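These notes concern the structure reproduced below.
These figures come from a predicted structure and were not determined experimentally.
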Amino acid sequence: MASPRTRRLKLDHETLLRRFANSSVIRISGTAGLPPEMYQFQYRLKGIYVTPAGEILERDTHVLEVQLSLEYPRRAPQCRMLTPVFHPNFDDASVCIGDFWAASEGLDDLIIRIGRMIAYQEYNTRSPLNGLAAKWAAEHLNLLPIDDTVVAPSLPDSEQTPAGAPLDPIVVQP
């Protein structure tokens with residue numbers, strides 16, 4: 001009999017495969033473990049980053065690494081960008097998801113939410129990991145979102161996973 005954690009990992013993997021199978025925006029680019037406990041996701045969305053010279057430039061491909069600890073799903077996944085992103089809720093080592101992670105949230109919904117963050121469809125400037133990006137966002141509201149592409153459509157209610165809830169509306173907090 002599989003443990004509750006193993007069952008959740010399997011359910012998450014099946015949901016991710018189904019949800020992103022035909023996505024032109026999000027793709028699973030790597031996994032580790034059976035069932036997977038580590039993922040890499042590739043996003044095809046416009047986002048911004050800062051060059052070593054201090055220029056803010058657009059990038060249209062981003063890579064995210066997600067680690068699912070032994071305490072998952074009670075403890076939030078550890079997420080970090082492998083490509084630089086200039087965003088109030090990202091730093092070099094992590095993506096701030098603590099404000100909205102709950103064990104009942106589906107991993108697929110989290111991956112979508114991070115995509116929305118990359119595109120500046122969602123951000124929080126009140127408790128930023130990157131104060132400079134928060135200041136930039138507050139001063140450049142006319143440029144946001146960077147990309148208005150629909151990251152992923154909501155699943156019909158009949159396809160919601162027990163671990164996932166329908167996506168919340170996008171909330172921008174300037």
Open item on the list: Apply side-chain contact (heavy atoms from CB on, under 4.5 Å) to residues Arg19 and Ile112 and explain how you reach the verdict.
Closed with: CA-CA 10 Å; Arg19 187 100 189 248; Ile112 292 165; 3.3 Å; yes

If every non-hydrogen atom of [X] is compared with every non-hydrogen atom of [Y], which pair is closest and at what distance?
| X | Y | value |
| --- | --- | --- |
| Gln78 | Ser69 | NE2-CB, 4.5 Å |
| Thr125 | Ala134 | CG2-O, 3.9 Å |
| Cys79 | Leu110 | SG-CD2, 4.2 Å |
| Arg74 | Trp101 | O-NE1, 4.4 Å |
| Phe86 | Ala133 | CZ-CA, 3.4 Å |
| Met117 | Asn89 | CE-CB, 3.5 Å |

Task: Residues, nucleotides or ligands: over 12 heavy atoms within 6.0 Å of Arg7 CZ - done: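 Yes, because the 6.0 Å sphere around CZ of Arg7 holds more than 12 heavy atoms from other groups.
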
TODO: For Asn142, look at atom CG and say whether over 12 heavy atoms of other residues, nucleotides or ligands are found less than 6.0 Å away.
DONE: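 Enclosed.
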
Open item on the list: Is a donor from one side chain sitting under 3.5 angstrom from an acceptor on the other, for Ser94 and Asp91?
Closed with: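 Judged by distance alone, the side chains do pair up.
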
Straight-line distance of [X] [atom1] to [Y] [atom2], nearest 0.5 Å:
| X | Y | atom1 | atom2 | answer |
| --- | --- | --- | --- | --- |
| Ile114 | Phe41 | CD1 | CZ | 8.5 Å |
| Thr31 | Gln40 | OG1 | CD | 9.5 Å |
| Ile28 | Ile111 | CD1 | CD1 | 8.5 Å |
| Leu82 | Gln42 | CG | CD | 11.0 Å |
| Arg8 | Leu68 | CZ | CG | 9.0 Å |

Would you find a donor on one side and an acceptor on the other, under 3.5 Å apart, between the side chain of [X] and the backbone of [Y]?
| X | Y | result |
| --- | --- | --- |
| His87 | Tyr123 | no |
| Thr83 | Val63 | yes |
| Ser23 | Val25 | yes |

Task: salt bridge (Lys or Arg N to Asp or Glu O under 4.0 Å) contacts in which one or both residues fall within residues 48-66, not counting sequence neighbours - done: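 Every pair satisfying salt bridge (Lys or Arg N to Asp or Glu O under 4.0 Å) with a residue in residues 48-66: Glu65-Arg80.
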
TODO: Treating Ile, Leu, Val, Met, Phe, Trp and Tyr as nodes and any side-chain heavy-atom pair under 4.5 angstrom as an edge, say whether Ile97 and Val66 lie in one connected cluster.
DONE: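 Linked within one cluster.
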
Open item on the list: I'd like to know if Trp136 and Tyr49 are part of one continuous hydrophobic network [Ile/Leu/Val/Met/Phe/Trp/Tyr, side-chain heavy atoms within less than 4.5 Å].
Closed with: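 Each belongs to a different hydrophobic cluster.
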
Task: Glu14/Arg18 ion pair, N-O < 4.0 Å - done: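 Judged by the 4.0 Å cut-off on N to carboxylate O distance, Glu14 and Arg18 do not form a salt bridge.
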
Open item on the list: Taking the basic N atoms (NZ, or NE/NH1/NH2) and the acidic carboxylate oxygens, is any pair closer than 4.0 Å for Asp109 and Arg116?
Closed with: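 Looking at Asp109 and Arg116, the cut-off is not met.
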
Can you give each donor-acceptor pair under 3.5 Å made by side-chain atoms of residues 144-152, sequence neighbours left out, with the distance rounded to 0.1 Å?
residue, atom, partner, partner atom, Å
Asp147, OD1, Thr149, N, 2.8
Asp147, OD1, Thr149, OG1, 2.5
Asp147, OD2, Lys46, N, 2.8

